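I have placed the structure first, in the form of structure tokens, so that the comments after it can refer back to it.
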Amino acid sequence: MKRFIVPLLIILSALTLKAQTVIHPDNTVTFNYRNDNAERVSVDVQFAGSHEMTKDADGIWTVTLGPAASDIYPYHFVVDGISVMDPSNPEFFPNETFKNSLLDIRGTGEPLIHAVREVPHGSVDYVNYYSKTLGVFGNAIVYTPPFYDRHPEKKYPVMYLISGTTDTEEVYFKVGKVNLILDNLIAEGAAEEMIVVLPYGNPAKYYPVGQQPFYADFNGDLVNDLMPFVESNYRTINDRDYRAIGGFSRGGNQGLAIGLTNLDKFSYLCSYSSFTSMDIPGVYDDAAKANDQIKLFWLGVGTDDFLFGNAKEYMDFLDAKGIRNMKEFTTDKFGHTWMNAKYFLDKSLRLLFKEGDPYEGYTEPELVLAEKKDPSGQEQKLTPEVMAKLFPMPVNSPECNADGSVTFRLQAPDADKVELECQMFKEKKHMEKDGKGVWTVTVKPDSPDIYSYSFYVDGTRIADPVNPLITPDESFKCSLADIKGDQPSVHDLQNVPHGKVSYRMYHSATYGFDRPLCVYTPAGYEPAGTEKLPVLYLFHGDGDTYESWFKVGRVNNILDNLIAEGAAERMIVVMPYSNPVPEMQARGIAASVDPDEFVSEMLDDVIPFVESEYNVLVGAHDSEILKAASAGNTWPKRRDYFELFARKLFK
């Protein structure tokens, strides 16, 4: 029997609603923020820059800006000099350093190319692979086009797409929306079906904080480890004419460098707001050979980008060498931004892997220079001074020590008081400031685990700005301290066969729009195979999201490890998003939800989708439903509970 435990939906009070950022029909935006301790607050948003906010009679800091062109814009609040994500916004920019929220201005006209449209959707898989080059497990994300699982006989071309400096492998998914852009282009017949692989461009982050090498061989890892993994686990056409590589910013540099030094493996090269070395032996001095090998050399940059001078110099260099290339310039997307990255992706994806000459009909665009130059009057370029300003040397936090303790650090030279709040202990811990303005505290947990934490800077709560691990909550997002013991825990990534977690989109007839969920499938599961598996429907707790059991609960690692030792049955785990309110608000739909609607959605939309897309057992005891909140109010308790539950499930 299928057992449903209906999760409690969030009831939004009038004051809570008032503290939320609001996008108006005319594309103006009212930024609202509640902080009773703040003396001065501003908002910094990519379409308008920095603007002071004023406090109203209810204690809400507010300002209205715009109108802005429809797009996705990063923003954050600056509270008495400290950068803070919007605690009322569930959408955020995944990054190694800065913490920004995301503002999705959709407008009222034709949906943008990155919008969620009612078209067939591909799958976005989070995978782990072992890198012999690095000696550690690596992370990657793999997009497969719609109906990939339904056509086991079909093979696909592949694009390797790399994010920029300080970005994680998630950014081309969560901010660049490559999956939705391709879904829409494929549905229009404007792009070929393809697989897209998103590597992590900074593999030094795979190592423990404080032990990260100055140089980690990303190029060798991608070519010698990630590519063979992809080609062994996905149906790829393993031929240079069916491989592309590129990226944004640093990722564009990496993509061009790898592609140009491996022209036996790649024939499509794409640079978005970037450039690479002009000294690559055996490439630039034989234009005829390069033009024969490179089917498309695509280069895009904004004329107001701080890298424009470098990118244009590289384009001029290729022209002087006689190496054919296709250029794209913008002037209206605020420089070095992901608005440009999405635009360039839309333009270039249409040209990949098609029959014929992609340059046919191409005319080099007129170059309209932006007014913005550096103080010398020259076009902006990347210099060591610019790099130091853009990417200052961060402090290390949290850093695990040999004695089992953990040191937390925060750079806040102007703060008077900084405290650490962490699930390791009940009371906040006072931090001490050194002569460089770095606040520090060292604590020791009772046992290794994954603990959420945050800093309080003169009363303002913030996430750790240098820690990319963060809770994907609907409200305030804590940082995560993943503390390892002498022996791996059941929730750790171990040397066992790994399943994957796939982000899927299904149409909810109940609510009238497409919605996301996560699906775990165990190692070796073949959608087109004969193995049928039972299903666990795993709900998140109040304030969590559909990602929480994966990103914080580590349900995939727990099941990988238990299944490997024979302690748990092979199963599929479906993690739906029980709260439709954020998407309803974004669509201008009244945000009141009847719990019965959620039950209807499970019965009428979620379960039929799962049973149509996966080989599932359908019987009296072949599905179970578990709500996160029933496992306690902390994730360490929930993980322990889930482990015990998983050992008994479907036995």
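Predicted model only: the values in this text are computed from it and were never measured.
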- Which distance, rounded to the nearest 0.5 Å, do you find between the CZ of F137 and the CG of N495? 4.0 Å
- Under the side chain to side chain contact (heavy atoms under 4.5 Å, CB included) rule, collect the residues that match up with K429, sequence neighbours excluded. L420, F425, V441, V443
- Using atom types as modelled and distance alone, determine if a side-chain donor or acceptor of K484 lies under 3.5 Å from a backbone N or O of D482. no
- Note on the structure: So CG of L493 and OH of Y130: to nearest 0.5 Å the spacing works out to 11.5 Å
- Item | Residue list, salt bridge (Lys or Arg N to Asp or Glu O under 4.0 Å) with K426, at least two apart or on another chain | none
- Item | Parallel, tilted or perpendicular: rings of Y546 and Y503 (30°, 60°) | perpendicular
- Could you tell me whether a side-chain N or O of D183 sits under 3.5 Å from a main-chain N or O of H121, the two making a donor and an acceptor? no
- Message: Under a 3.5 Å distance rule, please check whether H76 uses its side chain to pair with a backbone N or O of P74 as donor and acceptor.
- Response: no
- Within 45° of the six-membered ring axis of F93 and under 6.0 Å from that ring's centre, is NZ or CZ of K99 located there? no
- Message: Side chains of N579 and E474: any donor to acceptor distance under 3.5 Å?
- Response: yes
- Query: Is there a donor-acceptor contact under 3.5 Å linking the side chains of H24 and T30?
  - Reply: yes
- Message: If you define the side chain from C-beta out and look only at heavy atoms, does anything of N89 sit under 4.5 Å from M85?
- Response: no
- Query: Do F408 and Y453 have ring centroids that are under 6.0 Å from one another?
  - Reply: yes
Hey, can you pull the donor-acceptor pairs under 3.5 Å for the side chains in residues 122-129, sequence neighbours left out?
residue, atom, partner, partner atom, Å
S123, OG, D125, OD1, 2.8
D125, OD1, S502, OG, 2.7
D125, OD2, Y234, OH, 2.9
D125, OD2, K500, NZ, 3.2
Y126, OH, E170, OE2, 2.4
N128, ND2, N139, OD1, 3.0
Y129, OH, D221, OD1, 3.3
Y129, OH, D221, OD2, 2.8

- Message: Quick check: do F31 and L103 have side-chain heavy atoms less than 4.5 Å from each other?
- Response: yes
- Contacts of D71 that satisfy salt bridge (Lys or Arg N to Asp or Glu O under 4.0 Å) - sequence neighbours left out: K342
- Message: Does this structure show an ion pair linking R638 with D544, if we count only N-O contacts that are shorter than 4.0 Å?
- Response: yes
- Sequence neighbours excluded, the answer for side chain to side chain contact (heavy atoms under 4.5 Å, CB included) partners of S489 is H491, D492
- Task: Measure up the W338 and F248 rings against each other and bin them: parallel (under 30°), tilted (30 to 60°), perpendicular (over 60°).
- Result: tilted
- Under the salt bridge (Lys or Arg N to Asp or Glu O under 4.0 Å) test, residues paired with R647 that sit two or more places apart: E565, E643
- Here the gap from L480 atom CG to C478 atom SG, rounded to the nearest 0.5 Å, amounts to 8.0 Å
- Task: Using atom types as modelled and distance alone, determine if a side-chain donor or acceptor of Y525 lies under 3.5 Å from a backbone N or O of N615.
- Result: yes
- F539 and ring-ring contact (aromatic ring centres under 6.0 Å, His included): which partner among Y577, W549, F598? F598
- Task: Return yes if a side-chain donor-acceptor contact under 3.5 Å exists between T510 and D605, otherwise no.
- Result: yes
- Just jot down the side chain to side chain contact (heavy atoms under 4.5 Å, CB included) partners of E613, sequence neighbours excluded, or say none. R150, R504, F609
- Task: Go through the side-chain N and O atoms of N202 and Y200 and say whether any donor and acceptor fall under 3.5 Å apart.
- Result: no
- Query: Going by the salt bridge (Lys or Arg N to Asp or Glu O under 4.0 Å) test, which pairs reach into residues 459-471, not counting sequence neighbours?
  - Reply: E421-R461
- Query: Is the backbone N or O of L469 less than 3.5 Å from a side-chain atom of N467, with the two atoms forming a donor-acceptor pair by type?
  - Reply: yes
- V406 versus P398, closest heavy-atom pair with distance: CG1-CB, 3.8 Å
- Can you find a heavy atom in the side chain of N100 that is under 4.5 Å from one in the side chain of F92? no
- Is it true that R639 and D449 make a salt bridge, defined as a side-chain N closer than 4.0 Å to a carboxylate O? yes
- Is it true that a side-chain atom of N556 and a backbone atom of V501 form a donor plus acceptor pair closer than 3.5 Å? no
- Query: Residues two or more places apart in sequence or in another chain: which of them pass salt bridge (Lys or Arg N to Asp or Glu O under 4.0 Å) with D104?
  - Reply: R106
- Message: Test your reading of the model: is there a side-chain donor-acceptor pair from W61 to the backbone of N35, 3.5 Å cut-off?
- Response: yes
- Query: Considering all heavy atoms of both residues, which atom of G59 and which atom of D36 are nearest to each other, and what is their separation?
  - Reply: O-OD1, 4.4 Å
- Any salt bridge (Lys or Arg N to Asp or Glu O under 4.0 Å) pairs touching residues 137-146, not counting sequence neighbours? none
- Can you name the side-chain hydrogen bond (donor to acceptor under 3.5 Å, both in side chains) partners of K174, sequence neighbours left out? E547
- Task: Could you check E399 against R409 for salt bridge (charged side-chain N to carboxylate O under 4.0 Å, His left out), going step by step and ending with a plain yes or no?
- Result: CA-CA 9 Å; E399 184 171 2; R409 299 183 181 92; 2.8 Å; yes
- Taking only residues two or more places apart in sequence, or in another chain, which ones meet V136 in a side chain to side chain contact (heavy atoms under 4.5 Å, CB included)? L134, Y206, Y207
- Got a donor-acceptor contact below 3.5 angstrom from the N561 side chain to the V490 backbone? yes
- Task: Output the distance between atom CD1 (I181) and atom OH (Y172), rounded to the nearest 0.5 Å.
- Result: 8.5 Å
- Task: Go through the side-chain N and O atoms of N37 and T460 and say whether any donor and acceptor fall under 3.5 Å apart.
- Result: no
- Indicate whether the side chain of E601 and that of S508 have a donor and an acceptor atom separated by less than 3.5 Å. yes
- D514 side chain to H507 side chain, donor-acceptor N/O pair below 3.5 angstrom: yes
- Query: Rounded to the nearest 0.5 Å, how far apart are CD1 of I105 and CD1 of I72?
  - Reply: 10.0 Å
- Please walk me through it: do K177 and L180 pass side-chain contact (heavy atoms from CB on, under 4.5 Å)? CA-CA 5 Å; K177 305 293 183 181; L180 299 179; 4.1 Å; yes
- What is the distance from atom OG1 of T168 to atom CZ of F173, rounded to the nearest 0.5 Å? 11.0 Å
- Begin with the C-alpha distance, continue with both residues' side-chain angles, and end with the deciding distance and a verdict on side-chain contact (heavy atoms from CB on, under 4.5 Å) for F77 and T21. CA-CA 11 Å; F77 299 118; T21 293; 4.3 Å; yes
- Can a donor-acceptor pair be found between the side chains of Y75 and D86 at a distance below 3.5 Å? yes
- Taking R570 for the side chain and A523 for the main chain, is one N or O donor matched with an acceptor at less than 3.5 Å? yes
- Would you check if the side chain of H114 reaches a backbone N or O of L112 as a donor-acceptor pair within less than 3.5 Å? no
- Is the shortest heavy-atom distance from the side chain of L161 to the side chain of L345 under 4.5 Å? yes
- Message: Would you say T545 and H540 are linked by a side-chain donor-acceptor pair, where the criterion is simply a distance under 3.5 Å?
- Response: no
